[in-house]
Number of protein chains: 2
Amino acid sequence: MNENKETQILESLDLELRRGTIVLSVLSQLKQPQYGYSLVVLLEDKGFKIDPGTLYPLLRRLEKQELLNSHWDTEGTKPRKYYVLSDMGNSIYSKLTEQWLDVVKKINYLIRSEKDE
Amino acid sequence: MNENKETQILESLDLELRRGTIVLSVLSQLKQPQYGYSLVVLLEDKGFKIDPGTLYPLLRRLEKQELLNSHWDTEGTKPRKYYVLSDMGNSIYSKLTEQWLDVVKKINYLIRSEKDE
DNA sequence: TATCATACTGTACGGCACACACTATTGTCA
DNA sequence: TGACAATAGTGTGTGCCGTACAGTATGATA
């Protein structure tokens, strides 16, 4: 009973932890064009499960913010919408990466300094 | 103009990035009892600005979830509410730390693997 | 004693972003 | 043909943070 509660809290905290990193992980895979479904598979392969219902709206938002360009490929059997980093997307991605590394450094410091005592 | 837009997007992404880490950073400082204001100062010293209006509700939420215990100190000049990790809080904190390290590892892998090509 | 700054805690509200649970379409293969 | 995979999309609910504001007590100052 208490176990369940703890597990549940942990899950939601873990969710929160991954939340902010979603954009970063998506951007990191879009130097090469990808379509939604391929991204889901690709990220899952690398350890990131992302719900399609989360990813699709995200891609559209990022396109609207002009971090991504997109085009439809109607050649193949099925129409696919490919997304790729725009110039601004590239710029933001590299800056966001720096911020990420900064956050990691600081958190690790907090975690470690508490362990040293 | 475009600079502003990019800056603005970066800021909100950065915000999102730190969001999930707030709980972790707060928990990491609560092996020793702290009151709200001292936490704000402590975290700021270590590079984490956190708005009091963010922290106070957070502390109460964590207490309600029983990750923290609290008591009022009415001895001093002003009443202060001290918070400290509960047993469950301790347990969750250490598990959350592991999850954090896992996320870091995966993200770093994503970032790095894209750079290697 | 009136007033002002500062330490300290608290509440209300808005907005954003994700998860989840759907719908819809097309192709494929049994 | 019927079921399932691939692919894209939408709508709703919920949680959480930031911003802004309110409130109290203390000590200083004049």
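Values below: all heavy atoms of this structure, side chains included; hydrogens, waters and symmetry mates excluded. In what follows, chains are A, B, ... by sequence order, proteins preceding strands, each numbered from 1.
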Using a cut-off of 4.0 Å on non-hydrogen atoms, how would the nucleic acid contact of A:Gly53 be classed: base, sugar-phosphate, or nothing?
base

Ignoring backbone atoms, test whether A:Arg19 places a side-chain nitrogen or oxygen under 4.0 Å from the OP1 or OP2 oxygen of C:dA17.
no

Assign each of A:Pro79 and A:Gln65 the nucleotide of DNA chain C bearing its closest heavy atom; nearer the 5' end lies the nucleotide of A:Gln65

Measure from the side-chain heavy atoms of B:Trp72 and tell me the nearest of C:dG10, D:dT7, D:dG18.
C:dG10

With a non-hydrogen cut-off below 4.0 angstrom, is A:Arg60 in contact with a base, only sugar-phosphate, or nothing?
sugar-phosphate

Look at the side-chain N and O atoms of A:Tyr37 and state whether any lies under 4.0 Å from the OP1 or OP2 oxygen of D:dA6.
yes

Quick one: is A:Lys78 getting a side-chain N or O under 4.0 Å of the D:dA5 phosphate, OP1 or OP2?
no

Rounded to whole Å, please give me the gap between CD1 in A:Ile9 and P in D:dC16.
10 Å

The side chain to side chain contact (heavy atoms under 4.5 Å, CB included) partner of B:Trp100 among A:Val104, A:Asp14, A:Leu13 is A:Val104

Roughly, in whole Å, what's the span from CG in B:Leu15 to P in D:dG18?
5 Å

Could you pull out the closest heavy-atom pair between A:Lys81 and A:Tyr35, with the gap in Å?
O-CB, 3.1 Å

Rounded to the nearest 0.5 Å, what separation is found between the CG atom of A:Asp102 and the CG atom of A:Leu96?
11.5 Å

Between P of C:dC16 and CD1 of A:Ile22, the distance in whole Å
18 Å

Counting only N and O atoms by type, is there a donor-acceptor contact under 3.5 Å from the side chain of A:Thr21 to the main-chain atoms of A:Leu24?
no

Between P of C:dC20 and NZ of A:Lys49, the distance in whole Å
11 Å

Quick one: is A:Tyr35 getting a side-chain N or O under 4.0 Å of the D:dT7 phosphate, OP1 or OP2?
yes

Side-chain ion pair, B:Arg19 and B:Glu16, N-O less than 4.0 Å:
yes

Taking the side chain of B:Arg61 as heavy atoms from C-beta outward, which of D:dC16, C:dC8, D:dA8 is closest to it?
D:dC16

Taking C:dG10, C:dA17, C:dA7 as options, the one with an atom nearest any side-chain atom of B:Tyr56 is C:dG10

Would you mind reading off the distance between B:Leu59 atom CG and C:dC8 atom C1', rounded to a whole angstrom?
13 Å

Side chain of A:Glu16 - closest among C:dC18, D:dC16, D:dT19
D:dC16

Write down the distance between CD (B:Glu44) and P (C:dC8), rounded to a whole number of angstrom.
14 Å

Flag, side chain of B:Ser70 to backbone of B:Tyr82, donor-acceptor distance under 3.5 Å:
no

Could you pick out which residue, A:Tyr82 or A:Leu13, lies toward the 5' side of DNA chain D when each is mapped onto its nearest nucleotide?
A:Tyr82

Given that A:Ser12 and A:Pro52 both sit by DNA chain D, which one's nearest nucleotide is further toward the 5' end?
A:Pro52

Classify A:Pro57 by what it touches in the nucleic acid, base, sugar-phosphate, or nothing, heavy-atom distance under 4.0 Å.
base

In whole angstrom, what separates A:Gln8's CD from D:dG15's P?
11 Å

Expressed as a whole number of angstroms, how long is the span from B:Asp51:CG to D:dA22:C1'?
15 Å

